[in-house]
Colleague: 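Handing you this structure, nothing more for now.
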Amino acid sequence: MHYKQTDSPRITKAVIPAAGKGTRLLPATKAQPKEMLPVVDKPVIQYVVEEAVASGIRDILIIIAPGKETLQRHFAPESRFKQFLQEKSNSRSRLIAHLPAGKARIHFAYQNYPRGLGDAIRCAEEFVANEPFAVLLGDTIITTHRLPLTRQLMDIYAEYHSPVAALEKVLPALAHRYGIFRGEKITGNLFQAVSLEEKPRQHIRSPMAVAGRYILTPDIFHYLKNLRKGVNHEIQLTDALRFQAASRRLLGLLFEGTRYDVGNRLDFLKTNILFGMEHPETGKELRKWLSNLTRRKT
Ligand code: G1P
(Lines give C-alpha, C1' and ligand atoms only; values in the text may rest on other atoms or scores of the structure.)
Protein backbone atom coordinates (compact mmCIF):
# COMPACT_ATOMS: atom_id res chain seq x y z
CA MET A 1 0.00 0.00 0.00
CA HIS A 2 1.21 3.50 -0.78
CA TYR A 3 1.05 5.96 2.10
CA LYS A 4 0.57 9.34 0.59
CA GLN A 5 1.52 12.22 2.80
CA THR A 6 -1.66 14.12 3.33
CA ASP A 7 -1.53 17.86 3.78
CA SER A 8 -5.03 18.03 5.17
CA PRO A 9 -4.88 20.04 8.38
CA ARG A 10 -8.32 18.77 9.44
CA ILE A 11 -8.31 15.87 11.83
CA THR A 12 -11.72 14.29 12.38
CA LYS A 13 -10.79 10.79 13.54
CA ALA A 14 -9.45 9.41 16.79
CA VAL A 15 -8.31 5.97 17.86
CA ILE A 16 -8.60 4.87 21.49
CA PRO A 17 -6.61 1.70 22.23
CA ALA A 18 -8.42 -0.15 25.03
CA ALA A 19 -7.44 -3.75 24.43
CA GLY A 20 -4.93 -4.19 27.28
CA LYS A 21 -5.36 -6.90 29.88
CA GLY A 22 -5.27 -4.59 32.90
CA THR A 23 -3.04 -7.00 34.82
CA ARG A 24 -1.80 -4.28 37.18
CA LEU A 25 -5.33 -3.90 38.58
CA LEU A 26 -6.18 -7.58 39.12
CA PRO A 27 -8.44 -8.93 40.51
CA ALA A 28 -10.67 -5.88 39.77
CA THR A 29 -10.02 -6.35 36.06
CA LYS A 30 -10.57 -10.11 35.88
CA ALA A 31 -14.03 -9.69 34.32
CA GLN A 32 -14.19 -5.90 34.07
CA PRO A 33 -12.14 -3.84 31.58
CA LYS A 34 -9.88 -1.35 33.38
CA GLU A 35 -11.30 1.36 31.11
CA MET A 36 -14.74 0.68 32.65
CA LEU A 37 -13.61 1.24 36.24
CA PRO A 38 -15.24 4.39 37.62
CA VAL A 39 -13.57 7.63 38.48
CA VAL A 40 -16.22 8.98 40.87
CA ASP A 41 -19.29 8.41 38.65
CA LYS A 42 -18.03 7.84 35.12
CA PRO A 43 -15.95 5.05 33.63
CA VAL A 44 -12.44 6.11 32.66
CA ILE A 45 -13.16 5.60 28.95
CA GLN A 46 -15.98 8.16 29.10
CA TYR A 47 -13.55 10.91 30.15
CA VAL A 48 -11.32 9.95 27.23
CA VAL A 49 -14.19 9.97 24.71
CA GLU A 50 -15.35 13.33 26.10
CA GLU A 51 -11.88 14.80 25.53
CA ALA A 52 -11.94 13.60 21.91
CA VAL A 53 -15.42 15.03 21.32
CA ALA A 54 -14.56 18.34 23.01
CA SER A 55 -11.55 18.53 20.68
CA GLY A 56 -13.81 18.38 17.60
CA ILE A 57 -13.30 14.70 16.69
CA ARG A 58 -16.25 13.26 14.73
CA ASP A 59 -15.35 9.57 14.46
CA ILE A 60 -13.82 7.51 17.24
CA LEU A 61 -12.52 3.96 16.91
CA ILE A 62 -12.14 2.08 20.19
CA ILE A 63 -9.83 -0.93 19.90
CA ILE A 64 -10.99 -3.67 22.25
CA ALA A 65 -10.01 -7.26 22.97
CA PRO A 66 -12.38 -10.24 23.02
CA GLY A 67 -14.17 -10.19 26.38
CA LYS A 68 -14.17 -6.40 26.66
CA GLU A 69 -17.62 -5.94 25.05
CA THR A 70 -18.88 -3.99 28.10
CA LEU A 71 -17.16 -1.03 26.45
CA GLN A 72 -19.46 -1.45 23.44
CA ARG A 73 -22.51 -1.71 25.70
CA HIS A 74 -21.55 1.46 27.55
CA PHE A 75 -21.71 3.50 24.36
CA ALA A 76 -24.82 1.80 22.89
CA PRO A 77 -28.21 3.55 23.08
CA GLU A 78 -29.88 2.39 26.30
CA SER A 79 -33.63 2.73 25.79
CA ARG A 80 -35.02 0.23 28.36
CA PHE A 81 -33.07 1.52 31.36
CA LYS A 82 -33.77 5.08 30.32
CA GLN A 83 -37.50 4.40 29.98
CA PHE A 84 -37.52 2.79 33.44
CA LEU A 85 -35.94 5.91 34.97
CA GLN A 86 -38.24 8.25 33.05
CA GLU A 87 -41.34 6.36 34.20
CA LYS A 88 -40.20 6.92 37.75
CA SER A 89 -39.48 10.60 36.89
CA ASN A 90 -35.91 9.98 37.95
CA SER A 91 -33.76 12.92 36.80
CA ARG A 92 -30.79 10.59 36.49
CA SER A 93 -32.14 9.38 33.15
CA ARG A 94 -30.19 12.24 31.54
CA LEU A 95 -26.98 10.62 32.81
CA ILE A 96 -27.44 7.67 30.48
CA ALA A 97 -28.21 9.73 27.38
CA HIS A 98 -26.69 8.13 24.31
CA LEU A 99 -23.03 9.09 24.21
CA PRO A 100 -21.61 11.25 22.76
CA ALA A 101 -24.98 12.77 22.00
CA GLY A 102 -24.86 12.97 18.22
CA LYS A 103 -21.60 14.90 18.17
CA ALA A 104 -19.47 11.92 17.13
CA ARG A 105 -19.81 8.33 16.02
CA ILE A 106 -18.17 5.53 17.96
CA HIS A 107 -16.86 2.45 16.17
CA PHE A 108 -15.16 -0.66 17.52
CA ALA A 109 -12.46 -2.99 16.23
CA TYR A 110 -10.81 -6.01 17.80
CA GLN A 111 -7.18 -6.64 18.58
CA ASN A 112 -7.46 -10.40 18.92
CA TYR A 113 -4.19 -11.00 20.73
CA PRO A 114 -2.32 -8.53 22.98
CA ARG A 115 0.78 -7.79 20.91
CA GLY A 116 1.38 -4.27 22.22
CA LEU A 117 0.29 -0.69 21.62
CA GLY A 118 1.84 -0.53 18.14
CA ASP A 119 -0.10 -3.61 17.08
CA ALA A 120 -3.34 -2.13 18.47
CA ILE A 121 -2.81 0.99 16.35
CA ARG A 122 -2.27 -1.25 13.34
CA CYS A 123 -5.86 -2.47 13.78
CA ALA A 124 -7.02 1.07 12.93
CA GLU A 125 -5.50 1.26 9.45
CA GLU A 126 -8.73 0.74 7.53
CA PHE A 127 -10.65 3.20 9.73
CA VAL A 128 -7.97 5.86 9.36
CA ALA A 129 -8.10 5.61 5.55
CA ASN A 130 -4.96 7.61 4.81
CA GLU A 131 -5.81 10.58 7.02
CA PRO A 132 -3.95 12.02 10.00
CA PHE A 133 -5.61 10.94 13.27
CA ALA A 134 -5.51 11.42 17.02
CA VAL A 135 -4.62 8.66 19.49
CA LEU A 136 -5.82 8.81 23.10
CA LEU A 137 -4.82 5.99 25.44
CA GLY A 138 -8.03 4.56 26.91
CA ASP A 139 -6.72 4.22 30.48
CA THR A 140 -5.36 7.75 30.75
CA ILE A 141 -7.29 10.87 31.72
CA ILE A 142 -5.61 14.21 31.04
CA THR A 143 -6.76 17.52 32.45
CA THR A 144 -5.57 20.92 31.26
CA HIS A 145 -6.44 24.49 32.18
CA ARG A 146 -7.12 25.59 28.62
CA LEU A 147 -8.09 23.64 25.51
CA PRO A 148 -8.29 19.83 25.77
CA LEU A 149 -4.87 18.33 25.11
CA THR A 150 -5.99 16.53 21.95
CA ARG A 151 -7.23 19.88 20.58
CA GLN A 152 -3.86 21.48 21.37
CA LEU A 153 -2.08 18.72 19.44
CA MET A 154 -4.55 19.07 16.53
CA ASP A 155 -3.76 22.80 16.38
CA ILE A 156 -0.03 22.05 16.26
CA TYR A 157 -0.63 19.58 13.44
CA ALA A 158 -2.65 22.19 11.55
CA GLU A 159 0.30 24.59 11.78
CA TYR A 160 3.26 22.26 11.19
CA HIS A 161 1.72 19.31 9.27
CA SER A 162 3.87 17.00 11.37
CA PRO A 163 2.96 14.16 13.73
CA VAL A 164 3.12 15.25 17.35
CA ALA A 165 3.12 13.52 20.74
CA ALA A 166 2.20 14.94 24.14
CA LEU A 167 5.16 14.97 26.52
CA GLU A 168 5.65 15.32 30.24
CA LYS A 169 8.73 15.47 32.46
CA VAL A 170 9.21 12.36 34.59
CA LEU A 171 11.63 11.53 37.36
CA PRO A 172 14.83 9.93 35.97
CA ALA A 173 14.30 6.93 38.25
CA LEU A 174 10.91 6.30 36.60
CA ALA A 175 12.05 6.67 32.97
CA HIS A 176 12.02 2.88 32.57
CA ARG A 177 8.20 2.95 32.66
CA TYR A 178 7.77 5.26 29.66
CA GLY A 179 8.52 6.00 26.05
CA ILE A 180 11.33 8.55 26.38
CA PHE A 181 11.58 11.40 23.87
CA ARG A 182 14.86 13.22 23.27
CA GLY A 183 14.44 16.40 21.30
CA GLU A 184 15.56 19.88 20.40
CA LYS A 185 13.50 22.89 21.30
CA ILE A 186 11.69 24.57 18.41
CA THR A 187 9.76 27.19 20.33
CA GLY A 188 8.13 27.49 23.78
CA ASN A 189 7.07 24.00 24.84
CA LEU A 190 7.46 22.47 21.38
CA PHE A 191 10.30 20.07 20.58
CA GLN A 192 11.50 18.20 17.51
CA ALA A 193 12.37 14.55 18.15
CA VAL A 194 15.98 13.47 17.85
CA SER A 195 15.36 9.97 19.15
CA LEU A 196 12.84 7.93 21.09
CA GLU A 197 13.22 4.86 23.23
CA GLU A 198 10.57 2.70 24.87
CA LYS A 199 11.20 1.91 28.54
CA PRO A 200 14.98 2.53 28.55
CA ARG A 201 17.03 0.53 31.04
CA GLN A 202 19.66 3.17 31.77
CA HIS A 203 19.07 6.33 33.82
CA ILE A 204 18.37 9.43 31.78
CA ARG A 205 18.82 13.00 33.01
CA SER A 206 15.58 15.09 33.14
CA PRO A 207 13.70 12.86 30.72
CA MET A 208 10.62 13.80 28.73
CA ALA A 209 8.14 10.96 28.40
CA VAL A 210 5.46 10.36 25.79
CA ALA A 211 2.23 10.94 27.69
CA GLY A 212 -0.77 9.14 26.25
CA ARG A 213 -1.89 11.50 23.46
CA TYR A 214 -0.63 11.67 19.87
CA ILE A 215 -1.45 12.97 16.43
CA LEU A 216 -0.22 10.38 13.95
CA THR A 217 0.05 10.46 10.18
CA PRO A 218 -0.84 7.45 8.00
CA ASP A 219 2.80 6.73 7.08
CA ILE A 220 3.11 5.39 10.66
CA PHE A 221 1.50 2.14 9.38
CA HIS A 222 4.47 1.57 7.13
CA TYR A 223 6.83 1.70 10.14
CA LEU A 224 4.48 -0.38 12.32
CA LYS A 225 4.30 -3.14 9.70
CA ASN A 226 8.03 -3.45 9.42
CA LEU A 227 8.72 -3.54 13.15
CA ARG A 228 10.21 -6.35 15.15
CA LYS A 229 8.95 -6.98 18.65
CA GLY A 230 10.48 -4.56 21.14
CA VAL A 231 10.42 -4.20 24.92
CA ASN A 232 8.26 -6.86 26.65
CA HIS A 233 8.15 -8.75 23.32
CA GLU A 234 5.51 -6.32 22.07
CA ILE A 235 5.12 -4.18 18.95
CA GLN A 236 5.87 -0.74 20.39
CA LEU A 237 4.43 2.46 18.94
CA THR A 238 7.49 4.32 20.26
CA ASP A 239 9.76 2.17 18.05
CA ALA A 240 7.70 3.06 14.96
CA LEU A 241 7.90 6.74 15.91
CA ARG A 242 11.70 6.50 16.22
CA PHE A 243 11.96 5.19 12.65
CA GLN A 244 9.47 7.79 11.43
CA ALA A 245 11.46 10.58 13.13
CA ALA A 246 14.50 9.56 11.09
CA SER A 247 12.71 10.40 7.86
CA ARG A 248 10.38 13.27 8.74
CA ARG A 249 9.86 15.87 11.45
CA LEU A 250 8.19 14.47 14.57
CA LEU A 251 7.16 16.96 17.24
CA GLY A 252 6.56 16.76 20.97
CA LEU A 253 4.52 19.17 23.09
CA LEU A 254 5.51 19.44 26.74
CA PHE A 255 1.95 20.03 27.91
CA GLU A 256 0.70 21.97 30.90
CA GLY A 257 -1.76 19.89 32.87
CA THR A 258 -1.99 16.55 34.66
CA ARG A 259 -1.99 12.97 33.42
CA TYR A 260 -3.84 10.35 35.41
CA ASP A 261 -2.80 6.82 34.44
CA VAL A 262 -5.69 4.91 35.90
CA GLY A 263 -4.12 1.56 35.00
CA ASN A 264 -2.25 1.17 38.29
CA ARG A 265 -3.58 0.87 41.84
CA LEU A 266 -2.10 3.96 43.48
CA ASP A 267 -2.91 6.35 40.63
CA PHE A 268 -6.40 4.88 40.37
CA LEU A 269 -7.04 5.72 44.04
CA LYS A 270 -5.43 9.17 43.81
CA THR A 271 -7.47 10.00 40.71
CA ASN A 272 -10.72 9.05 42.42
CA ILE A 273 -9.90 11.19 45.45
CA LEU A 274 -8.81 14.22 43.40
CA PHE A 275 -11.81 14.05 41.04
CA GLY A 276 -14.11 13.39 44.01
CA MET A 277 -12.82 16.58 45.67
CA GLU A 278 -13.80 18.58 42.58
CA HIS A 279 -17.16 16.92 41.94
CA PRO A 280 -20.20 19.14 42.68
CA GLU A 281 -22.05 16.33 44.53
CA THR A 282 -19.18 14.92 46.57
CA GLY A 283 -16.52 17.65 46.74
CA LYS A 284 -17.51 19.52 49.89
CA GLU A 285 -18.16 16.48 52.06
CA LEU A 286 -15.12 14.59 50.81
CA ARG A 287 -12.79 17.51 51.50
CA LYS A 288 -14.19 17.85 55.02
CA TRP A 289 -13.84 14.12 55.61
CA LEU A 290 -10.26 14.06 54.30
CA SER A 291 -9.16 16.97 56.45
CA ASN A 292 -10.67 15.31 59.58
CA LEU A 293 -8.97 12.08 58.63
CA THR A 294 -5.54 13.66 58.22
CA ARG A 295 -5.97 15.61 61.47
CA ARG A 296 -6.75 12.37 63.27
CA LYS A 297 -3.67 10.65 61.85
CA THR A 298 -1.15 13.41 62.65
C1 G1P B 1 2.57 3.40 27.04
C2 G1P B 1 3.56 3.78 25.93
C3 G1P B 1 4.67 4.66 26.49
C4 G1P B 1 4.08 5.88 27.19
C5 G1P B 1 3.11 5.41 28.28
C6 G1P B 1 2.42 6.58 28.98
O7 G1P B 1 3.21 2.54 27.95
O8 G1P B 1 4.09 2.60 25.36
O9 G1P B 1 5.51 5.07 25.43
O10 G1P B 1 5.11 6.68 27.74
O11 G1P B 1 2.09 4.57 27.71
O12 G1P B 1 1.58 7.24 28.13
P13 G1P B 1 2.39 1.60 28.99
O14 G1P B 1 1.94 2.51 30.10
O15 G1P B 1 1.25 1.01 28.24
O16 G1P B 1 3.38 0.59 29.45
Side-chain angles (χ1 to χ4, degrees), residues 14-26 29 33-35 37 44-45 47-48 51-52 62-65 68 111 114-124 134-144 149-150 152-153 163-183 191 193 195-201 204 206-216 220 223-224 227-245 250-255 257-268 270-271:
V15 176
I16 303 182
K21 291 269 179 221
T23 44
R24 286 179 294 172
L25 288 172
L26 281 170
T29 46
K34 64 176 166 178
E35 297 82 2
L37 294 175
V44 175
I45 190 85
Y47 291 89
V48 180
E51 179 190 328
I62 303 181
I63 313 274
I64 57 171
K68 295 186 87 170
Q111 182 193 28
R115 291 192 186 87
L117 179 58
D119 182 68
I121 300 295
R122 254 185 344 200
C123 302
V135 172
L136 299 87
L137 299 192
D139 62 357
T140 302
I141 300 173
I142 294 192
T143 56
T144 54
L149 183 53
T150 296
Q152 294 180 37
L153 298 178
V164 50
L167 304 175
E168 68 174 352
K169 286 219 167 106
V170 294
L171 292 171
L174 299 182
H176 65 278
R177 293 189 190 169
Y178 298 96
I180 297 300
F181 179 107
R182 259 194 332 109
F191 294 80
S195 79
L196 291 104
E197 189 179 356
E198 183 65 20
K199 301 186 172 58
R201 294 231 172 89
I204 291 172
S206 81
M208 287 193 291
V210 178
R213 299 291 184 268
Y214 313 75
I215 301 295
L216 301 180
I220 196 68
Y223 299 103
L224 284 170
L227 270 189
R228 293 211 190 131
K229 285 180 187 164
V231 171
N232 297 337
H233 303 286
E234 290 179 346
I235 302 290
Q236 297 291 352
L237 177 59
T238 306
D239 292 339
L241 290 171
R242 181 177 62 252
F243 287 114
Q244 188 185 40
L250 170 70
L251 299 173
L253 172 73
L254 195 56
F255 77 97
T258 312
R259 183 178 63 92
Y260 302 91
D261 173 358
V262 192
N264 72 73
R265 282 186 174 79
L266 186 59
D267 284 349
F268 175 71
K270 283 183 189 168
T271 308

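Whatever order the structure lists ligands and atoms in, that order sets their numbers, starting from 1. All of these numbers come straight from a predicted model, not from anything done at the bench.
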Colleague: Any side-chain heavy-atom pair from Val262 and Leu37 closer than 4.5 angstrom?
Modeller: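 They are not in side-chain contact.
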Colleague: Quick check on ligand 1: any N or O pairs to the protein under 3.5 Å? One line per pair.
Modeller:
| from | atom 1 | to | atom 2 | distance (Å) |
| --- | --- | --- | --- | --- |
| ligand 1 | 7 (O) | Lys199 | NZ | 3.3 |
| ligand 1 | 8 (O) | Glu198 | OE1 | 3.4 |
| ligand 1 | 8 (O) | Glu198 | OE2 | 2.8 |
| ligand 1 | 9 (O) | Gly179 | N | 3.1 |
| ligand 1 | 9 (O) | Glu198 | OE1 | 2.7 |
| ligand 1 | 9 (O) | Thr238 | OG1 | 3.2 |
| ligand 1 | 10 (O) | Gly179 | N | 2.9 |
| ligand 1 | 10 (O) | Val210 | O | 2.6 |
| ligand 1 | 12 (O) | Val210 | O | 3.4 |
| ligand 1 | 12 (O) | Gly212 | N | 3.1 |
| ligand 1 | 16 (O) | Lys199 | NZ | 2.7 |

Colleague: If only atom types and distance count, is the side chain of Gln236 paired as donor or acceptor with the main-chain N or O of Val231 below 3.5 Å?
Modeller: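 Such a contact is found between Gln236 side chain and Val231 backbone.
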Colleague: Which value, rounded to the nearest 0.5 Å, describes the distance between Leu253 atom CG and Phe181 atom CZ?
Modeller: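 Spacing of CG (Leu253) from CZ (Phe181) equals 10.0 Å.
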Colleague: Taking all heavy atoms of Tyr223 and all of Ala240, pick out the closest pair and write down the distance.
Modeller: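 Distance-wise, the nearest heavy atoms are CB-O, 3.8 Å.
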Colleague: Within the side chain of Arg122, is there an N or O that forms a donor-acceptor pair under 3.5 Å with the backbone of Leu224?
Modeller: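 The answer is yes, because a donor-acceptor pair under 3.5 Å joins these two groups.
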Colleague: Among all residues two or more places apart in sequence or in another chain, which pass the ring pair (Phe, Tyr, Trp, His ring centres under 6.0 Å) test with Phe191?
Modeller: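 With neighbours one apart ignored, the set is empty.
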